[in-house]
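It should be emphasised that the depicted structure is a prediction, and the values quoted were computed from it without experimental measurement.
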2 protein chains.
Amino acid sequence: MPVTVDVVALTVRDDALHVLLVERGVEPFRGALALPGGFVLPDERLGEAARRELAEETGVRTPGHLEQLRTYGPLGRDPRGPVLSVAHLLLAPEFGVVHAGSDAGGAAWHPVEHLLRDAAGHPGPDERTGATVAGRRLAFDHERILADGVERARAKLEYSALAAAFCAPEFTIADLRRVYEAVWGVRLDPRNFSRKATGAVGFLEPTGATTSGGTGRPAALYRAARPVPGPVPGRPHGQDPDDAPASVPAVLDPPLMRPSR
Amino acid sequence: MPVTVDVVALTVRDDALHVLLVERGVEPFRGALALPGGFVLPDERLGEAARRELAEETGVRTPGHLEQLRTYGPLGRDPRGPVLSVAHLLLAPEFGVVHAGSDAGGAAWHPVEHLLRDAAGHPGPDERTGATVAGRRLAFDHERILADGVERARAKLEYSALAAAFCAPEFTIADLRRVYEAVWGVRLDPRNFSRKATGAVGFLEPTGATTSGGTGRPAALYRAARPVPGPVPGRPHGQDPDDAPASVPAVLDPPLMRPSR
DNA sequence: CTAATAGTGTCTGTAAGACATTATATA
DNA sequence: TATATAATGTCTTACAGACACTATTAG
């Protein structure tokens with residue numbers, strides 16, 4: 001059975017959630033946008049294959065948090081026949097796309113909002129006009145994989161410290177808040193957010209430094225706290241031994257933050 | 001690449017969480033306990049393969065909620081070479097094990113507590129003595145898969161209506177509470193539990209009938225509410241198009257219940 | 001009656017959300 | 001000075017958890 005990996009690489013850019021897509025240079029779906037990915041090599045781990053394919057098609061050895069999303073197929077997703085795809089989710093600070101590989105042209109960040117029609121029936125911004133934007137349909141079942149990846153990212157912000165994976169090594173509370181606002185698509189009260197974020201145990205570590213140069217009062221800089229030594233009893237500890245070592249701590253107890261309704 | 005499915009089938013029996021295991025009749029790990037599973041056939045869906053293997057090795061066409069857990073491998077898990085395993089999680093009311101297949105003898109329910117050493121360092125009941133119980137080590141990486149399945153089940157009870165998947169079609173609030181107590185390993189206040197469970201929207205549907213014959217006041221009977229028509233805005237809806245249609249509704253908002261610390 | 005379990009009511013502490021105020025930078 | 005952003009404080013309300021009480025069966 002042919003086995004591939006696909007990568008849903010998400011970042012926050014201009015206060016909006018973006019996904020890294022490549023333009024397919026070969027059939028099937030030539031010219032369509034697709035998630036970066038490809039076949040797993042013999043004697044290669046899944047996470048290794050995901051990072052390798054991403055590097056090959058974007059030219060970047062990426063930082064960020066990588067985790068397995070889920071497995072799709074094998075039926076009804078590739079016209080050439082049954083193919084299994086183990087999808088991965090990468091949450092990373094924005095990185096430049098350096099290189100367009102041999103079989104993938106125009107790797108670039110795309111706003112997620114433009115790519116997903118909301119399952120709840122919310123019209124996408126391009127759907128109000130009734131026109132389908134050319135080239136916006138994703139190849140294979142990648143639209144569903146993207147939707148699942150975004151859903152996972154949204155859910156994980158709620159109970160984990162993963163928001164820091166979207167930020168540079170040092171960041172302000174406002175940076176972090178903008179991540180939540182972009183991923184959840186909501187507005188959060190900066191004062192209440194600050195109180196919750198700084199009060200959560202095992203989440204943030206002050207660096208002592210502050211921002212400078214901008215307008216207004218300088219903000220304190222933080223980094224992600226080291227992963228907790230022992231998992232919290234009775235709660236999943238969220239380790240992922242098969243993937244790369246977690247770059248940020250896993251599960252917070254109690255849940256960090258919830259989107260207000 | 002060889003692809004298999006493995007099934008973590010969980011149930012609540014005698015107020016304790018149990019997993020369905022088979023004794024391996026062939027090498028490798030002949031004689032050891034293992035999760036039911038086997039190779040995916042050509043042109044077979046993953047969920048179909050999981051239910052088929054379970055039926056072949058236990059003789060039962062099972063009810064219950066089946067979902068994909070995660071994918072393991074391909075390296076370092078089978079001495080014969082790289083094998084990918086797509087693990088599945090089945091949550092079901094207890095069903096009798098009818099049949100022992102050709103390559104699997106002695107399919108039976110086993111208490112989960114005896115099989116997992118807690119990652120947090122809690123000694124297992126057989127570990128206090130320092131003795132490893134013979135035959136209790138699972139084949140391959142199935143101990144880790146089991147741990148992940150139990151972790152998933154515990155987490156899902158918190159924010160979904162999945163506890164009903166462990167119960168018969170009609171059940172009492174006390175039945176449901178015993179599910180939470182068994183899976184989480186905690187004691188819950190029956191009065192507060194009843195108030196929360198009956199008050200949660202989209203969770204329970206009274207049948208109008210009550211229990212009879214037992215001692216004490218008869219209890220009202222409930223069934224799982226139908227899945228909500230539209231997903232809650234801003235929350236994952238937890239549909240699983242690749243698997244069988246969900247037998248119980250997916251995500252509840254707000255989260256149903258949390259284990260007290 | 002007693003025993004046993006089911007279900008409802010009440011209180012209290014904690015915390016989320018709304019919003020005011022103070023602090024510290026640049027222009 | 002004005003303006004902009006950061007950080008802390010106050011208040012109200014909702015709800016989780018602790019626990020008293022009532023309801024309905026069997027024996």
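- The two residues B:Leu176 and B:Cys167 have their closest heavy-atom pair at CD1-SG, 4.1 Å.
- The separation between A:Phe193 atom CZ and D:dT5 atom C1' is 16 Å, rounded to whole Å.
- Remark: P of C:dA6 and OH of B:Tyr222 are 12 Å apart, rounded to the nearest angstrom.
- Residues forming a salt bridge (Lys or Arg N to Asp or Glu O under 4.0 Å) with B:Arg13 (at least two apart in sequence, or on another chain): B:Glu94.
- For A:Arg61, the salt bridge (Lys or Arg N to Asp or Glu O under 4.0 Å) test picks out no residue, with sequence neighbours left out.
- C:dT8 atom C1' lies 13 Å from atom CD1 of B:Ile173, rounded to whole Å.
- For residues 211-218 of chain A, proximity to DNA chain C is found at A:Gly214, A:Gly216, A:Arg217, A:Pro218, defined as any non-hydrogen atom under 4.0 angstrom from a strand atom.
- Separating the CD atom of B:Glu158 from the C1' atom of D:dA16 is a distance of 14 Å, rounded to the nearest angstrom.
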- Starting at the 5' end of nucleotides 8-15 of chain D, put B wherever the base has a protein heavy atom under 4.0 Å, S where only the sugar-phosphate does, and a dash everywhere else. B-B-----
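- Annotation: side chain of B:Arg70 is not in contact with side chain of A:Thr71 (no heavy-atom distance under 4.5 Å).
- Atom CZ in B:Arg258 sits about 17 Å away from atom P in C:dT14, given to the nearest Å.
- Checked by atom type and distance alone, the side chain of B:Trp109 never pairs as donor or acceptor with a backbone atom of B:Thr11 at under 3.5 Å.
- For the pair A:Phe166/A:Leu10, a side-chain contact is recorded, criterion being any heavy-atom separation below 4.5 Å from C-beta on.
- In this structure, the ring pair (Phe, Tyr, Trp, His ring centres under 6.0 Å) partners of A:Tyr180, at least two apart in sequence or on a different chain, are A:Trp184, A:Phe193.
- Listed nucleotides: D:dA6, C:dG7, C:dA6. Nearest to the side chain of A:Arg177: D:dA6.
- Residue pairs meeting the salt bridge (Lys or Arg N to Asp or Glu O under 4.0 Å) criterion with at least one member in residues 197-214 of chain A, sequence neighbours excluded: A:Glu205-A:Arg223.
- What separates CG of A:Asp189 from C1' of D:dA6 is a distance of 13 Å, to the nearest Å.
- Following rounding to the nearest Å, A:Asp175 (CG) and D:dA6 (C1') show an atom-to-atom distance of 13 Å.
- Residues A:Asp148 and A:Tyr72 have side chains that bring a donor and an acceptor to within less than 3.5 angstrom of each other.
- The distance between atom CG of A:Leu188 and atom P of C:dA16, rounded to the nearest whole Å, is 13 Å.
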